[in-house]
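Numbers restart at 1 for each chain; the letters A, B, ... are given by sequence-line order, proteins then strands. Atom set for the values below is all heavy atoms of this structure, side chains included, hydrogens, waters and symmetry mates excluded.
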Amino acid sequence: MKNAAVASLLVIFAIPLLIAVAELPPFGDPDAPIHTHISARYIEQGVEEAGAENLVTGVLLNYRGFDTFGEVTVIFTALAAALAVLLTSGGVQYFQEDRPPAPPKGADESERPPTPVSPVVLFVVRLLAPFIGIFAAFVILHGHVTPGGGFQGGAILGAMFIVLTIVLGAGKVRPRLPEPLARWLQGAAPLSFVLIGALGVAFTGFYLGFPPEHSLHLVRELMMVVLEIGIGVGGAAIFARIFLAMEAD
Amino acid sequence: MSMAFDIFLLLFLIGTALAVAHSKDLLAAAILFSSYSLVLCLLWQHRGAPDVAMTEAAVGAGITTVLFLVTIGRTKRREK
């Protein structure tokens with residue numbers, strides 16, 4: 001009875017949604033509203049105006065720079081909230097050395113002692129980690145030319161830290177990200193936006209304004225690369241920090 | 001061919017999503033969710049959005065799964 005009621009409710013909700021989807025213009029339709037307003041200008045003049053051969057980066061950092069600034073600020077705030085919960089809940093000890101005694105081994109399978117890391121895994125991770133790091137640096141620094149950018153490269157760099165933490169143990173990775181350094185790194189994305197925003201004021205009179213003149217295209221590209229590095233390093237530090245805060249050795 | 005590939009991916013997506021919702025084993029659900037992200041990443045790439053595909057692969061299939069696994073490790077593996 002209850003299941004039938006749930007199913008009929010779902011069907012009732014699904015019908016208007018399906019009708020709405022059927023009304024949408026087909027995929028890739030040149031007359032669709034999203035292709036008739038500003039997209040044409042982005043595609044025709046984006047490379048020249050925004051200064052990035054990858055149009056997605058041009059829109060993210062130049063045309064919609066304020067939105068991205070808001071986005072990295074939201075991510076930073078999310079980190080602050082996550083750390084506030086993780087570091088005060090008592091179960092996770094990142095700063096203090098004294099830990100509560102280990103809980104008694106129960107029948108539950110999740111409380112078994114941790115399995116030692118296989119030498120194969122250790123070798124492969126140690127071999128691959130530098131390549132992952134180089135790939136992350138490439139994705140971050142090349143984001144204005146090829147697909148990718150700060151967010152993607154930052155996630156890859158963060159993943160490198162995480163995989164090293166899993167295999168080598170948090171005790172060996174944590175000293176590489178000391179507390180004073182991590183504090184600055186995890187704020188790198190909003191900080192770089194503030195810096196580049198101020199530079200934009202100096203060059204164009206507008207916050208986050210990129211110089212449109214052709215003679216300054218190197219400056220514009222450099223500003224983009226600094227933003228990408230800020231987003232990438234900040235993102236990686238945030239991912240690594242959350243993981244380290246959850247991992248209690 | 002292209003259309004058939006899309007339909008196959010979408011069906012796989014629905015299948016993994018239902019499996020995640022149904023699974024009582026949270027570890028299995030996390031791994032299934034990772035494969036969901038991977039298929040979604042293929043779909044983004046196939047639909048011409050490589051930037052989103054890279055984000056999906058790195059964040060969705062990679063880091064989110066790891067954070068889920070750590071969380072499961074710190075709590076219980078089975079849903080009550």
Side-chain angles (χ1 to χ4, degrees), chain A residues 27-28 52 54-60 75 82 85-86 89 91-92 103 106 108-112 114-115 132 135-136 138-140 142-144 146-163 165-166 170 231-232 235-236 238-240 242-248, chain B residues 1-10 13-14 17-18 21-31 33-34 37-38 40-80:
Chain A
F27 181 78
N54 180 8
L55 284 178
V56 177
T57 308
V59 173
L60 267 181
I75 294 175
V85 172
L86 284 171
S89 63
V92 186
D108 193 272
E109 52 189 284
S110 65
E111 286 169 12
R112 281 181 309 191
T115 321
I132 300 175
F135 178 59
F138 170 77
V139 170
I140 292 172
H142 223 239
H144 57 293
T146 50
F151 289 106
Q152 293 90 335
I156 296 170
L157 200 60
M160 187 194 77
F161 262 100
I162 288 176
V163 85
T165 313
I166 293 173
I231 296 172
I238 285 172
F239 283 131
I242 290 183
F243 185 77
L244 283 174
M246 291 176 89
E247 189 85 336
Chain B
M1 179 54 213
S2 175
M3 189 75 178
F5 188 58
D6 271 356
I7 290 173
F8 171 73
L9 287 183
L10 283 170
L13 214 55
I14 295 172
L18 288 176
H22 264 276
S23 171
K24 290 276 175 206
D25 185 346
L26 293 179
L27 188 63
I31 303 294
F33 197 56
S34 169
S37 286
L38 197 65
L40 194 56
C41 159
L42 286 177
L43 200 60
W44 289 129
Q45 173 64 36
H46 196 235
R47 281 305 207 178
D51 289 83
V52 190
M54 280 185 86
T55 316
E56 186 69 44
V59 179
I63 288 181
T64 315
T65 309
V66 169
L67 290 181
F68 275 142
L69 292 184
V70 176
T71 313
I72 292 166
R74 299 181 66 79
T75 53
K76 291 269 159 55
R77 185 175 159 179
R78 300 220 147 254
E79 199 178 342
K80 291 272 155 54

Check your understanding: With B:Thr55, which residues qualify under side-chain hydrogen bond (donor to acceptor under 3.5 Å, both in side chains), at least two apart?
Key -> A:Gln152

Review point. Which heavy atom in B:Ile63 sits nearest to a heavy atom in A:Gly158, and how many Å separate them?
Key: CD1-C, 4.4 Å

Revision key, fill the gap. d(A:Ile166 CD1, B:Leu69 CG) to nearest 0.5 Å is 8.0 Å

Exercise for review: Measure A:Val163 against the heavy atoms of chain B and call it side chain, backbone, both or neither at under 4.5 Å.
Suggested key: neither

Review point. Side chain, backbone, both or neither: which part of A:Phe239 has an atom under 4.5 Å from a heavy atom of chain B?
Key: side chain

Check your understanding: So, do A:Leu60 and B:Asp51 sit near enough that their side-chain heavy atoms are less than 4.5 Å apart?
Key -> no

